[in-house]
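Treat the numbers as computed from the prediction; the structure is a model and nothing was measured. Indexing begins at 1, ligand by ligand and atom by atom, following the structure's order.
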Amino acid sequence: MQDARFINPLHLALTSDLSLIPDMPRSQVKYVGRFAPTPSGPLHFGSIIAALGSYLDARHHQGRWLLRIDDLDTPRLQAGADDKILAALETLGLHWDGMVVYQSRRHEAYQHALANLQSRDLLFPCYCPRKLVKGRPYPGTCRQREVEKDRQHALRIKVAPGTVVLHDLIQTEYRQNLLDEVGDFIIRRADGLYAYHLAVVLDDAWQGITHIVRGADLMASTPRQIYLQQQLAVELPVYAHLPLAVSQTGVKISKQSMAKDVLLLGAPNTVLFNCLNFLGQQPEADLSQAPVRELIQWGIEHWQLSRVPKLGSIIAPEKYRTT
Ligand code: GLU
(Lines give C-alpha, C1' and ligand atoms only; values in the text may rest on other atoms or scores of the structure.)
Protein backbone atom coordinates (compact mmCIF):
# COMPACT_ATOMS: atom_id res chain seq x y z
CA MET A 1 0.00 0.00 0.00
CA GLN A 2 1.25 3.45 -0.76
CA ASP A 3 2.23 5.53 2.22
CA ALA A 4 -0.24 8.40 2.65
CA ARG A 5 2.65 10.73 3.40
CA PHE A 6 3.80 10.42 -0.20
CA ILE A 7 0.49 11.35 -1.73
CA ASN A 8 -0.26 14.31 0.44
CA PRO A 9 0.38 17.24 -1.95
CA LEU A 10 1.32 19.54 0.88
CA HIS A 11 3.90 17.08 2.07
CA LEU A 12 5.37 16.82 -1.40
CA ALA A 13 5.68 20.58 -1.51
CA LEU A 14 7.57 20.53 1.75
CA THR A 15 9.94 17.78 0.81
CA SER A 16 12.66 19.95 -0.61
CA ASP A 17 15.65 17.70 0.02
CA LEU A 18 14.88 14.02 -0.07
CA SER A 19 18.52 13.09 0.21
CA LEU A 20 18.31 13.72 3.93
CA ILE A 21 15.67 11.07 4.40
CA PRO A 22 17.16 7.78 5.53
CA ASP A 23 17.21 5.10 2.89
CA MET A 24 14.56 2.55 3.85
CA PRO A 25 11.23 2.64 1.92
CA ARG A 26 8.83 4.15 4.40
CA SER A 27 6.01 1.78 3.69
CA GLN A 28 8.13 -0.98 5.28
CA VAL A 29 8.86 0.95 8.43
CA LYS A 30 6.22 0.68 11.12
CA TYR A 31 8.05 2.59 13.77
CA VAL A 32 10.19 5.69 13.35
CA GLY A 33 11.22 7.44 16.54
CA ARG A 34 13.45 10.41 17.14
CA PHE A 35 15.39 12.49 19.59
CA ALA A 36 15.36 16.21 18.93
CA PRO A 37 17.59 18.14 21.33
CA THR A 38 18.10 21.90 21.26
CA PRO A 39 21.87 22.51 21.23
CA SER A 40 21.81 25.05 24.02
CA GLY A 41 24.20 23.11 26.22
CA PRO A 42 25.52 19.61 26.94
CA LEU A 43 23.23 16.65 27.58
CA HIS A 44 22.03 16.64 31.19
CA PHE A 45 20.26 13.89 33.10
CA GLY A 46 16.83 15.07 31.88
CA SER A 47 17.80 15.02 28.23
CA ILE A 48 19.40 11.58 28.52
CA ILE A 49 16.13 10.28 29.92
CA ALA A 50 14.35 11.51 26.77
CA ALA A 51 17.10 10.16 24.52
CA LEU A 52 17.20 6.74 26.18
CA GLY A 53 13.42 6.37 26.48
CA SER A 54 12.85 7.19 22.82
CA TYR A 55 15.78 5.03 21.71
CA LEU A 56 14.75 1.94 23.68
CA ASP A 57 11.11 2.19 22.66
CA ALA A 58 12.14 2.45 19.00
CA ARG A 59 14.69 -0.37 19.08
CA HIS A 60 12.45 -2.64 21.13
CA HIS A 61 9.92 -2.33 18.30
CA GLN A 62 12.61 -2.89 15.63
CA GLY A 63 12.12 0.71 14.69
CA ARG A 64 14.39 3.39 13.35
CA TRP A 65 15.67 6.15 15.59
CA LEU A 66 16.50 9.48 14.02
CA LEU A 67 18.37 12.43 15.39
CA ARG A 68 17.38 16.01 14.74
CA ILE A 69 19.10 19.09 16.05
CA ASP A 70 16.49 21.73 16.89
CA ASP A 71 18.71 24.74 16.28
CA LEU A 72 16.21 27.40 15.24
CA ASP A 73 16.16 29.46 18.40
CA THR A 74 19.49 31.15 17.72
CA PRO A 75 19.63 33.26 20.89
CA ARG A 76 19.55 30.05 22.98
CA LEU A 77 22.23 28.16 21.06
CA GLN A 78 25.67 27.39 22.44
CA ALA A 79 28.51 27.08 19.95
CA GLY A 80 29.72 23.49 19.63
CA ALA A 81 26.88 22.04 21.72
CA ASP A 82 25.58 19.99 18.78
CA ASP A 83 28.91 18.17 18.38
CA LYS A 84 29.06 17.53 22.11
CA ILE A 85 25.56 16.09 22.05
CA LEU A 86 26.42 13.74 19.16
CA ALA A 87 29.59 12.61 20.93
CA ALA A 88 27.72 12.02 24.20
CA LEU A 89 25.05 9.94 22.47
CA GLU A 90 27.73 7.77 20.89
CA THR A 91 29.51 7.34 24.22
CA LEU A 92 26.22 6.18 25.70
CA GLY A 93 25.72 3.67 22.90
CA LEU A 94 22.74 5.53 21.45
CA HIS A 95 23.50 5.25 17.74
CA TRP A 96 21.04 6.93 15.39
CA ASP A 97 20.01 5.99 11.84
CA GLY A 98 20.63 8.07 8.76
CA MET A 99 21.90 11.61 8.66
CA VAL A 100 21.41 14.15 11.38
CA VAL A 101 18.80 16.73 10.37
CA TYR A 102 19.41 20.36 11.34
CA GLN A 103 16.35 22.58 11.56
CA SER A 104 18.46 25.57 10.55
CA ARG A 105 18.67 24.04 7.05
CA ARG A 106 14.92 23.69 6.69
CA HIS A 107 13.81 27.31 6.43
CA GLU A 108 12.44 26.81 2.93
CA ALA A 109 10.02 24.15 4.12
CA TYR A 110 8.82 26.31 7.01
CA GLN A 111 8.29 29.21 4.62
CA HIS A 112 6.23 26.98 2.28
CA ALA A 113 3.97 25.89 5.11
CA LEU A 114 3.61 29.41 6.37
CA ALA A 115 2.58 30.60 2.92
CA ASN A 116 0.10 27.75 2.73
CA LEU A 117 -1.51 28.75 6.05
CA GLN A 118 -1.47 32.38 5.01
CA SER A 119 -3.20 31.67 1.72
CA ARG A 120 -6.00 30.03 3.69
CA ASP A 121 -6.38 33.13 5.88
CA LEU A 122 -5.37 31.21 8.97
CA LEU A 123 -2.64 33.62 10.10
CA PHE A 124 -2.69 37.20 11.28
CA PRO A 125 0.00 39.68 12.30
CA CYS A 126 0.27 40.41 16.00
CA TYR A 127 1.79 43.62 17.33
CA CYS A 128 1.29 42.89 21.04
CA PRO A 129 4.47 43.27 23.09
CA ARG A 130 5.53 39.85 24.34
CA LYS A 131 5.63 40.97 27.95
CA LEU A 132 1.97 41.89 27.79
CA VAL A 133 0.67 38.49 26.71
CA LYS A 134 3.29 36.10 28.13
CA GLY A 135 2.12 33.31 30.41
CA ARG A 136 -1.62 33.62 29.78
CA PRO A 137 -4.01 32.72 26.97
CA TYR A 138 -3.80 35.13 24.07
CA PRO A 139 -6.99 37.20 24.21
CA GLY A 140 -7.23 37.62 20.43
CA THR A 141 -6.35 41.32 20.50
CA CYS A 142 -4.88 41.53 16.99
CA ARG A 143 -7.22 39.10 15.21
CA GLN A 144 -9.46 41.83 13.82
CA ARG A 145 -6.91 44.58 13.83
CA GLU A 146 -5.93 46.39 10.68
CA VAL A 147 -2.61 45.35 9.18
CA GLU A 148 0.08 47.97 9.70
CA LYS A 149 2.57 47.98 6.87
CA ASP A 150 6.26 47.75 7.76
CA ARG A 151 5.66 47.37 11.49
CA GLN A 152 7.48 44.50 13.17
CA HIS A 153 5.06 41.72 14.05
CA ALA A 154 4.71 38.12 15.02
CA LEU A 155 2.39 35.79 13.08
CA ARG A 156 -0.28 33.91 14.98
CA ILE A 157 -2.54 31.10 13.83
CA LYS A 158 -6.26 31.38 14.42
CA VAL A 159 -7.33 28.62 16.76
CA ALA A 160 -10.73 27.02 16.28
CA PRO A 161 -13.01 26.39 19.26
CA GLY A 162 -13.10 22.86 20.65
CA THR A 163 -11.10 20.48 22.79
CA VAL A 164 -7.98 18.73 21.59
CA VAL A 165 -7.54 15.31 23.15
CA LEU A 166 -4.15 13.68 23.53
CA HIS A 167 -4.22 9.91 24.04
CA ASP A 168 -0.79 9.48 25.53
CA LEU A 169 0.80 6.04 25.74
CA ILE A 170 2.12 6.71 29.26
CA GLN A 171 0.21 9.55 30.89
CA THR A 172 -3.53 9.69 31.35
CA GLU A 173 -5.63 11.29 28.63
CA TYR A 174 -4.86 14.99 28.33
CA ARG A 175 -7.47 17.47 27.17
CA GLN A 176 -6.97 21.07 26.31
CA ASN A 177 -9.41 23.66 25.11
CA LEU A 178 -6.90 25.40 22.90
CA LEU A 179 -8.81 28.63 22.40
CA ASP A 180 -9.56 29.13 26.11
CA GLU A 181 -6.32 27.80 27.56
CA VAL A 182 -3.77 28.93 24.96
CA GLY A 183 -5.47 31.12 22.37
CA ASP A 184 -4.17 31.92 18.89
CA PHE A 185 -0.51 30.97 19.08
CA ILE A 186 2.68 32.15 17.44
CA ILE A 187 3.90 30.55 14.22
CA ARG A 188 6.62 33.07 13.43
CA ARG A 189 8.11 35.23 16.12
CA ALA A 190 8.48 39.02 15.95
CA ASP A 191 12.26 38.54 15.63
CA GLY A 192 11.59 36.58 12.42
CA LEU A 193 12.35 33.11 13.83
CA TYR A 194 9.97 30.27 13.03
CA ALA A 195 8.22 29.02 16.13
CA TYR A 196 9.11 25.67 17.63
CA HIS A 197 5.59 24.30 17.13
CA LEU A 198 5.61 24.90 13.38
CA ALA A 199 9.08 23.48 12.86
CA VAL A 200 8.59 20.41 15.03
CA VAL A 201 5.34 19.46 13.33
CA LEU A 202 6.74 19.89 9.82
CA ASP A 203 9.96 18.05 10.58
CA ASP A 204 8.33 15.16 12.36
CA ALA A 205 6.02 14.72 9.36
CA TRP A 206 8.82 15.12 6.84
CA GLN A 207 11.03 12.63 8.67
CA GLY A 208 8.11 10.19 8.80
CA ILE A 209 8.12 10.04 12.60
CA THR A 210 5.45 7.66 13.87
CA HIS A 211 6.23 7.73 17.62
CA ILE A 212 7.27 10.71 19.72
CA VAL A 213 8.69 9.75 23.11
CA ARG A 214 9.81 12.83 25.04
CA GLY A 215 9.63 14.63 28.38
CA ALA A 216 6.30 15.43 30.03
CA ASP A 217 7.18 19.13 30.05
CA LEU A 218 6.01 19.10 26.43
CA MET A 219 2.56 17.63 27.20
CA ALA A 220 0.90 21.04 27.34
CA SER A 221 2.44 21.94 23.96
CA THR A 222 1.18 18.81 22.24
CA PRO A 223 -2.40 20.02 21.59
CA ARG A 224 -0.93 22.97 19.66
CA GLN A 225 1.11 20.53 17.62
CA ILE A 226 -1.89 18.29 17.00
CA TYR A 227 -3.87 21.32 15.86
CA LEU A 228 -1.12 22.26 13.43
CA GLN A 229 -0.88 18.69 12.15
CA GLN A 230 -4.58 18.85 11.39
CA GLN A 231 -4.30 22.22 9.67
CA LEU A 232 -1.34 21.06 7.59
CA ALA A 233 -2.96 17.71 6.81
CA VAL A 234 0.02 15.65 7.93
CA GLU A 235 -0.17 12.32 9.70
CA LEU A 236 -0.45 12.36 13.45
CA PRO A 237 2.27 10.51 15.35
CA VAL A 238 1.67 8.59 18.55
CA TYR A 239 2.85 10.31 21.74
CA ALA A 240 4.39 8.98 24.96
CA HIS A 241 5.47 11.54 27.55
CA LEU A 242 8.09 10.39 30.04
CA PRO A 243 8.21 11.72 33.60
CA LEU A 244 10.37 14.78 33.86
CA ALA A 245 13.54 14.68 35.96
CA VAL A 246 13.26 17.40 38.61
CA SER A 247 15.07 18.72 41.66
CA GLN A 248 13.71 18.24 45.19
CA THR A 249 11.83 21.50 44.85
CA GLY A 250 10.24 20.34 41.60
CA VAL A 251 12.43 22.41 39.28
CA LYS A 252 13.11 20.81 35.90
CA ILE A 253 16.69 19.63 35.45
CA SER A 254 17.51 21.67 32.41
CA LYS A 255 20.08 23.80 30.74
CA GLN A 256 18.33 26.87 32.15
CA SER A 257 18.81 25.57 35.70
CA MET A 258 22.52 25.09 34.95
CA ALA A 259 22.32 21.32 34.87
CA LYS A 260 25.73 19.76 34.42
CA ASP A 261 26.99 17.65 31.55
CA VAL A 262 25.88 14.21 32.65
CA LEU A 263 29.10 12.59 31.48
CA LEU A 264 31.09 14.75 33.89
CA LEU A 265 29.12 13.30 36.78
CA GLY A 266 29.99 9.66 36.41
CA ALA A 267 30.86 6.79 34.11
CA PRO A 268 28.56 6.34 31.07
CA ASN A 269 27.39 2.90 32.23
CA THR A 270 26.40 4.32 35.63
CA VAL A 271 24.39 7.06 33.94
CA LEU A 272 22.59 4.46 31.82
CA PHE A 273 21.90 2.24 34.82
CA ASN A 274 20.43 5.20 36.72
CA CYS A 275 18.33 6.21 33.72
CA LEU A 276 16.94 2.68 33.36
CA ASN A 277 15.93 2.80 37.01
CA PHE A 278 14.41 6.24 36.63
CA LEU A 279 12.35 4.89 33.73
CA GLY A 280 11.03 2.06 35.91
CA GLN A 281 12.76 -0.70 33.97
CA GLN A 282 14.21 -2.35 37.11
CA PRO A 283 17.61 -3.54 35.85
CA GLU A 284 19.06 -6.23 38.13
CA ALA A 285 21.65 -4.89 40.59
CA ASP A 286 24.51 -6.88 39.03
CA LEU A 287 24.03 -4.87 35.83
CA SER A 288 25.25 -1.74 37.60
CA GLN A 289 28.82 -2.57 36.58
CA ALA A 290 27.96 -3.86 33.10
CA PRO A 291 29.51 -2.12 30.10
CA VAL A 292 27.48 0.33 28.00
CA ARG A 293 26.82 -2.16 25.18
CA GLU A 294 25.41 -4.77 27.53
CA LEU A 295 23.18 -2.27 29.32
CA ILE A 296 21.78 -0.98 26.04
CA GLN A 297 21.18 -4.52 24.82
CA TRP A 298 19.46 -5.39 28.10
CA GLY A 299 17.38 -2.23 27.81
CA ILE A 300 16.25 -3.05 24.27
CA GLU A 301 15.28 -6.59 25.17
CA HIS A 302 13.53 -5.80 28.43
CA TRP A 303 11.95 -2.43 27.60
CA GLN A 304 8.36 -2.11 28.76
CA LEU A 305 6.59 1.18 28.32
CA SER A 306 4.01 0.03 30.88
CA ARG A 307 6.72 0.09 33.54
CA VAL A 308 7.46 3.78 33.05
CA PRO A 309 5.84 5.58 35.99
CA LYS A 310 2.69 7.45 34.96
CA LEU A 311 3.93 10.60 36.62
CA GLY A 312 4.53 14.08 35.33
CA SER A 313 7.82 14.32 37.19
CA ILE A 314 10.21 12.35 39.40
CA ILE A 315 13.02 13.62 41.61
CA ALA A 316 16.32 12.77 39.94
CA PRO A 317 19.11 10.96 41.81
CA GLU A 318 20.99 13.45 43.95
CA LYS A 319 24.15 13.86 41.94
CA TYR A 320 22.25 14.89 38.81
CA ARG A 321 20.28 17.62 40.56
CA THR A 322 21.34 21.22 40.55
CA THR A 323 19.20 22.59 43.35
N1 GLU B 1 13.97 20.49 20.99
C2 GLU B 1 13.10 20.33 22.11
C3 GLU B 1 13.89 20.39 23.41
O4 GLU B 1 15.10 20.20 23.41
C5 GLU B 1 12.36 19.02 22.09
C6 GLU B 1 11.50 18.89 20.91
C7 GLU B 1 10.55 17.71 20.96
O8 GLU B 1 10.91 16.65 21.49
O9 GLU B 1 9.47 17.86 20.44
O10 GLU B 1 13.30 20.62 24.44
May I ask you to decide if the ring planes of [X] and [Y] are parallel, tilted or perpendicular, using 30° and 60° as cut-offs?
{"X": "His153", "Y": "Tyr127", "result": "perpendicular"}
{"X": "Phe278", "Y": "Phe45", "result": "perpendicular"}
{"X": "Tyr194", "Y": "His107", "result": "perpendicular"}

Contact check: [X] vs ligand 1, nitrogen or oxygen atoms, below 3.5 angstrom:
{"X": "Asp70", "value": "yes"}
{"X": "Ala36", "value": "yes"}
{"X": "Arg68", "value": "no"}

*asked:* Under a plain distance cut-off of 3.5 Å, with no hydrogens placed, do Arg68 and Gln207 share a side-chain donor-acceptor pair?
replied: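 Yes - a donor-acceptor pair under 3.5 Å links their side chains.
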Please identify which atoms of ligand 1 are closer than 4.0 Å to at least one heavy atom of [X].
{"X": "Val200", "value": "9 (O)"}
{"X": "Arg214", "value": "7 (C), 8 (O), 9 (O)"}
{"X": "Thr38", "value": "1 (N), 2 (C), 3 (C), 4 (O)"}

Requested in this report: Find out whether the Lys NZ or Arg CZ of Arg224 is both under 6.0 angstrom from the six-membered ring centre of Tyr227 and within 45° of the ring's axis.
Outcome: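 No; the conditions do not both hold, so Arg224 does not lie above the ring face of Tyr227.
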| task | Determine whether any heavy atom of Phe35 lies closer than 4.0 Å to an atom of ligand 1. | result |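 So Phe35 does not count as touching ligand 1.
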Can you tell me which portion of Ile212 lies within the under-4.0 Å heavy-atom range of ligand 1? Options are side chain, backbone, both, or neither.
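For Ile212, no heavy atom sits under 4.0 Å from ligand 1.
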Just let me know how His241 lines up against ligand 1, side chain, backbone, both or neither, with a heavy-atom cut-off below 4.0 Å.
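Contact part for His241 vs ligand 1: neither.
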Trp303/Arg59 under side-chain contact (heavy atoms from CB on, under 4.5 Å): CA gap, chis, key distance, verdict: CA-CA 9 Å; Trp303 175 253; Arg59 297 301 194 218; over 6 Å; no
query = What's the shortest distance from atom 7 (C) of ligand 1 to any protein heavy atom, and which residue and atom give it?
reply =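 Here the nearest protein heavy atom works out to Arg34 NH1, 3.3 Å.
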Check Val165, Val164, Leu166 against Arg175 for a side chain to side chain contact (heavy atoms under 4.5 Å, CB included) and give me the one that passes.
->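 Filter result, single survivor: Val165.
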